[in-house]
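Because the structure is a prediction, the values reported are computed rather than measured. Heavy atoms only: backbone and side chains are in, while hydrogens, waters and symmetry mates are out.
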Amino acid sequence: MTLFDLLQSQLTDPFRIGLIVALLYTAVQNRAVTGMALPLVAGLAFVAVILPTTMGLGSAAALGQWTVVWVGLIANAILLAVALAGWQVIQRIRK
């Protein structure tokens, strides 16, 4: 498995997408208390580490666990950027 294949598989993982959307929803609901930046960064790191350690590496085992985690951080950042853009669109439509 190449790094591009790994990134593509992580970007299309429905469980990862759901976790990132739930992370954004939680951060938005609690932004008055905790802010947005720190919970989102901590959540991105948590999802990037917890998924390969609990679900196994599968065909990406040859790349190594830390490589999978770093690619996961990149995938999570891309997914969060898309989710934030969607949230901004929804906010502008509501006004």
Side-chain angles (χ1 to χ4, degrees):
M1 175 175 271
T2 65
L3 288 177
F4 181 75
D5 293 336
L6 178 62
L7 179 64
Q8 185 179 12
S9 71
Q10 288 182 347
L11 286 173
T12 57
D13 179 17
F15 187 62
R16 183 180 298 266
I17 294 169
L19 286 174
I20 297 299
V21 170
L23 172 68
L24 178 61
Y25 177 77
T26 304
V28 167
Q29 295 300 317
N30 296 318
R31 70 177 173 242
V33 178
T34 60
M36 287 283 286
L38 186 60
L40 289 177
V41 170
L44 287 180
F46 177 77
V47 171
V49 171
I50 200 72
L51 286 179
T53 56
T54 59
M55 296 183 141
L57 299 176
S59 61
L63 295 174
Q65 186 169 3
W66 288 110
T67 304
V68 175
V69 169
W70 283 109
V71 174
L73 282 171
I74 294 167
N76 291 350
I78 292 169
L79 291 171
L80 181 63
V82 171
L84 279 170
W87 179 66
Q88 289 294 324
V89 168
I90 291 170
Q91 292 302 314
R92 290 181 189 225
I93 290 173
R94 284 186 180 175
K95 288 184 181 180

Problem set entry | Intermediate values then yes/no, side chain to side chain contact (heavy atoms under 4.5 Å, CB included), Gln88 and Leu84 | CA-CA 6 Å; Gln88 289 294 324; Leu84 279 170; 5.5 Å; no
Given the rule that I, L, V, M, F, W and Y join up when any side-chain heavy atoms are under 4.5 Å apart, are [X] and [Y] in one cluster?
{"X": "Trp70", "Y": "Val68", "value": "no"}
{"X": "Val33", "Y": "Val28", "value": "no"}
{"X": "Met55", "Y": "Ile50", "value": "yes"}
{"X": "Leu40", "Y": "Tyr25", "value": "no"}

Grab the two heavy atoms, one from [X] and one from [Y], that are nearest each other, plus how far apart they are.
{"X": "Ala45", "Y": "Leu73", "result": "CA-CD2, 3.7 Å"}
{"X": "Arg16", "Y": "Gln10", "result": "CD-O, 3.2 Å"}
{"X": "Gly72", "Y": "Ala48", "result": "C-CB, 3.9 Å"}

Exercise. Hey, does the side chain of Ser9 reach the backbone of Leu6 with a donor-acceptor pair shorter than 3.5 angstrom?
Worked result: yes
For this session: Apply side chain to side chain contact (heavy atoms under 4.5 Å, CB included) to the pair Gln8 and Leu3, showing each step before the final yes or no.
Result: CA-CA 9 Å; Gln8 185 179 12; Leu3 288 177; over 6 Å; no
Problem set entry | Option from Val71, Val47, Leu23 for which side-chain contact (heavy atoms from CB on, under 4.5 Å) with Asn76 holds | Val47
Exercise. Any side-chain heavy-atom pair from Thr26 and Pro39 closer than 4.5 angstrom?
Worked result: no
For this session: State, with a plain yes or no, whether a side-chain heavy atom of Thr53 is found less than 4.5 Å away from one of Val69.
Result: no
Problem set entry | From OG1 (Thr12) to CG (Leu79), nearest 0.5 Å | 9.0 Å
